[in-house]
Structures are given as structure tokens and as C-alpha cells.
Amino acid sequence: MVTATVLSGAVLGAALGLTGFAILHFFAGGSTRIGVQTVWNTLNEFTLTAIPLFILLGELLVASGLARGVYRALAPIFARLPGGLLHTNIAVCAVFGAVSGSSMSVAAAVGSVAYPELKSRGYDPAQTVGTLAAGGTLGLLIPPSLSLLIYGALTDTSIGRLFLAGLLPGLMMAGLFMAWILVAALRNPEFAPAERRVALGEALRGLAGVLPLIVLIVAVLGSLFAGLATPTEAAGVGVAASLLLGFTLGELTWRGCLAALLGTVRTFAVIAMVFIGALVLAQAISLLGLPQQLLATVAEWGLSRWLLLLVVVAVYLLLGMFFDGLSMMIMTLPLVFPLLTGVGFDAVWLGVVVTLMIEVGMLTPPVGMNLFVLVGITGGEVKLGEAALAALPYWIALLAGVALLCLFPGIATWLPSVAFG
């Protein structure tokens, strides 16, 4: 019960907000009204409306059963590779991530379909959960992304640039995950059972099941990147399209719509509680001039900007053990953003790096949220420790992704520079 209360976001959000109000009252001349005004002004921003809409989009896809159709359509293609349907887990998560910005939604939607299927085919339950937990993290990186959306709102960074910046790194991480599965399967044939090879023509014909999700991707990302819609409007288009597809091609019912709405309210309430608390604390920190003082202190240390980034990465690794990803980002950005952009790091590039570190936290026990979600889907058949051990190679791959972004920042910055000049 205690763990559930802490993970609900209520305790963390209240703690952040009360700390901020205490600072404003005792150290900023009793200016608590500024904290209230900041929350009001921020929550009135049109951009933030996209957050509950993208959550609702993911919930509707789960309720309509469209995720199940996509999985069955892609399975024959990837079953031809060493590692079999473990590749399918990653591929379907990547595709699903292109219409749902939530890591846990992706993990839950794909996991509820994939786990019983792979279990019946003789796959190791822990390895199955490991791939699903890793694949779920792609929902935070491949646009539309709640992480990048909130990052943009908090730091006043272009959300269109951020979404484009997350695309190639997201595909890169999917490739790294699948590369590990391939290597592991080649080294150890027992890593995954051999699958029956389906004729390529038959497998390609089965791809028709992916069409509903492709329509959604075009509706959401196409309208956004073509400049026809803002992120909020694109989310609204996606919700409308998911309703239409769910009722016509899926199994969506009015009862399912109600369940999706309730799930959206619960999820957004958690995010909003932490968001409000972090806004108050950020305003208090800003009024005290702490970011400027921190920058001055760091400058006195004489640390290079790369060593400073390494320190921040280490802090995120530590925090990832105790906080869920979005809470961690909202809590740290008021200090991390001015600190790292102040020493010359690009704001858009930094958003992708922070999102990757959040993904690392999603796989880090004891509060690895993707691990919790999938352990719950298994009904306790896979223990948290087993799931964490199976997810370890993908945890390492995410850190390798951060290193690659440091070595080749163009992976994140090239597409935005081409699109926006």
C-alpha cells in the first residue's frame, strides 16, 4: 500500500509543491501567490492539452484491440530471424509508440497481447518480459512523446523540433535492442525457440493488419510535421481517428470508451499532480537565483561540460531507482536545463538525452515502472528481480545510446535542422 501511494504521484507532487511554497513564504518575502499564478498560467497553455489527448489515444487503442491485430500481422515477418517473436515485441512497440506517447501504455498494450502468445510457444517468460519492458521505453522517444512534450512545455523549447529529434534516436534504440536479441539468439540457440517459417508472400499479405496503425501515424504525425496542426490539434485528430478505426475495424464499444476515459483521467491525474508541485518548486528555485548560483559554482570547479554531463547522467541513474521517469524529469529540469544549456549544450539535443535517461529509469528496480507493469501482466509468474535481470542488456543498450548521441549529436539534431533550418 505504501509503495502504491508513493508511486501514485500524490505524495511526490505534494512534497514538491509544499517545499516550493515553504521556500516562497520564508525565503522569498511571502510571495506564495507567485507560485499559484505560475501554476495557473502554465496549466492554461493550449499545448498541455495534448497530454491527456495522447494518453486517451493509447487507451482507445488498447480498448479496441487494434494492438493485437498489429502484433499478429508483424509476427510472421520477424519470426524468420534468430530470436523469433522477441524481435516482434520490439517492432510492435516501436510502431505502437508512434501513436502513443506513454512508455507504460505501450508496454501494457503490447505486453497483454504478446506475453500469453509467446508463453504458449515456449519462450522463456523472463526474456519475453525483458524485451517488452525495453520495447515499451520506445513510447517515450518515438514521437509523439509525453516526455518530449512536457520537456518542451517546461523549457519553452519547440515541440515540433523535439518530436523530430526523437525519431532517429528512437529507431536507433529499436535497432540496438533487436541487434542484442539477434546476437544472443545466435550465441545460444535456446535463447528463443525456432519458429515455423511462413512464406514471404503470405507474411507480406498479412501486413494488412498494420494498416489501421499506419492510418493513425499518418493522421497524427503527418498533420503535425506538415504544419497542418499543432501538437494539441494533432492529438485531437489522432483521438478522432482511433475512435473511428476502433468502432469500424476494431472491437471498441461504448463500455470500452468509458474505460479508456477513466484510465486517461487516472494517468493524467498522476502526471498533473507531480507537474503542479514541480512548477511551484521551480518558481521558488528561480526566484532564489539557485540556477545562476549553481552555474557560477560549477564554473569555479572548472569542470568540462562533458564531465558535467557525466555527473548529471550519474544523478539520473540514481534517481531512476526511486522515481518514475516523468516525475524525475519534472523535478530535475529546473536545475538541469539551465545548467547544461548554460555550458553550451543544445536544448533540443538535451531533451532527447534526458528522455533516454528517463527510459533507463523505466528499467531500473526497485521503481522500474515498465518492469512493474509487465510483472503484473504475467500474474506473478515472473518476479521483479528476474524481469530486471532479463532487461539488463537493454538497460546497457540505452546507456550506449546516450554515448552515441554524445559522439554523434547529429542523430538527434539533423532532422530538426533540415525541417526547420
Side-chain angles (χ1 to χ4, degrees), residues 67 70-71 74-75 78 81-98 100-115 117-119 123-142 145 147 166 169-185 191-192 316-317 320-321 324-325 352 355-378 382-405:
V70 172
Y71 192 91
L74 289 178
F78 292 98
L81 298 173
L85 296 186
L86 296 180
H87 291 288
T88 309
N89 290 349
I90 303 298
V92 175
C93 284
V95 174
F96 198 80
S100 174
S102 167
S103 177
M104 287 185 290
S105 292
V106 172
V110 181
S112 61
V113 175
Y115 181 76
E117 179 73 20
L118 269 66
K119 179 186 173 184
Y123 284 81
D124 179 71
Q127 293 299 336
T128 300
V129 166
T131 57
L132 290 168
T137 64
L138 300 175
L140 273 184
L141 195 55
I142 295 176
S145 160
S147 171
L171 295 176
M172 175 188 74
M173 291 314 309
L176 288 177
F177 292 160
M178 295 176 75
W180 160 251
I181 294 171
L182 184 64
V183 170
F191 183 76
Y316 272 117
L317 285 175
M321 298 173 63
D324 72 275
V352 177
T355 297
L356 274 172
M357 291 311 303
I358 288 173
E359 291 177 343
V360 172
M362 301 298 281
L363 301 183
T364 306
V367 187
M369 295 305 294
N370 279 15
L371 299 178
F372 267 105
V373 168
L374 288 160
V375 165
I377 286 176
T378 70
V382 178
K383 305 303 180 186
L384 182 62
E386 296 172 333
L389 187 62
L392 180 60
Y394 310 101
W395 186 92
I396 295 171
L398 287 167
L399 290 180
V402 173
L404 287 172
L405 279 175

field: Close side-chain approach of Trp395 to Val360, heavy-atom, < 4.5 Å
entry: yes
Heavy-atom pair of closest approach, residues Ala134 and Leu363: N-CD2, 4.0 Å
Enumerate, atom names and distances included, each donor-acceptor pair closer than 3.5 Å involving a side-chain atom of residues 175-184, sequence neighbours excluded.
none

- prompt: Looking at residues at least two apart in the chain, or sitting in another chain, which of them share a side chain to side chain donor-acceptor pair (under 3.5 Å) with Tyr123?
  reply: Glu195
- request: Can you measure from CD1 (Ile358) to OH (Tyr316) and round to the nearest 0.5 angstrom?
  value: 6.5 Å
query: Between atom CG of Leu389 and atom CD of Gln127, what is the distance when rounded to the nearest 0.5 Å?
result: 8.0 Å
statement: By side-chain contact (heavy atoms from CB on, under 4.5 Å), Ala126 pairs with (sequence neighbours left out) Asp124, Val382, Glu386, Ala390
Beyond-backbone contact of Pro125 with Thr378, side-chain heavy atoms, under 4.5 angstrom: no
Heavy-atom closest contact (Leu132 atom, Gly111 atom, distance): CD1-CA, 3.8 Å
message: Distance check, rounded to the nearest 0.5 Å: Leu374 atom CG versus Leu384 atom CG?
response: 11.0 Å
statement: Of all heavy-atom pairs linking Ala387 and Val375, the shortest is CB-CG2, 4.0 Å
Side chain to side chain donor-acceptor pair (under 3.5 Å) partners for Lys383, two or more places apart: none
- prompt: Is there a side-chain contact (heavy atoms from CB on, under 4.5 Å) between Phe191 and Leu86 once you walk through the steps?
  reply: CA-CA 10 Å; Phe191 183 76; Leu86 296 180; 3.4 Å; yes
query: Measuring from Met362:CE to Ser147:OG, what's the distance to the nearest 0.5 Å?
result: 10.0 Å
- prompt: Are side-chain heavy atoms of Met173 and Thr137 found at a separation under 4.5 Å?
  reply: no
query: How long is the span from the CG atom in Leu356 to the CG atom in Leu404, to the nearest 0.5 Å?
result: 10.0 Å
task: Rounded to the nearest 0.5 Å, what's the gap from OG1 on Thr355 to CG on Leu140? Could you check?
output: 7.0 Å
task: Looking only at non-hydrogen atoms, find the nearest pair between Ala94 and Ile142 and report the distance.
output: O-CD1, 3.7 Å
- prompt: Of the non-hydrogen atoms in Ala185 and Gly83, which two are nearest, and what is the gap between them?
  reply: CB-N, 3.5 Å
- prompt: Testing Leu399, Leu398, Leu392 for side-chain contact (heavy atoms from CB on, under 4.5 Å) with Ile396, which one passes?
  reply: Leu392
field: Results of side chain to side chain donor-acceptor pair (under 3.5 Å) for Thr128 - residues two or more places apart only
entry: none
query: Which atom names give the shortest non-hydrogen contact between Ala174 and Ile90, and what distance separates them?
result: O-CG2, 3.8 Å
message: So, using side chain to side chain donor-acceptor pair (under 3.5 Å) as the criterion, who are the partners of Thr131 when residues are at least two apart?
response: Asn89
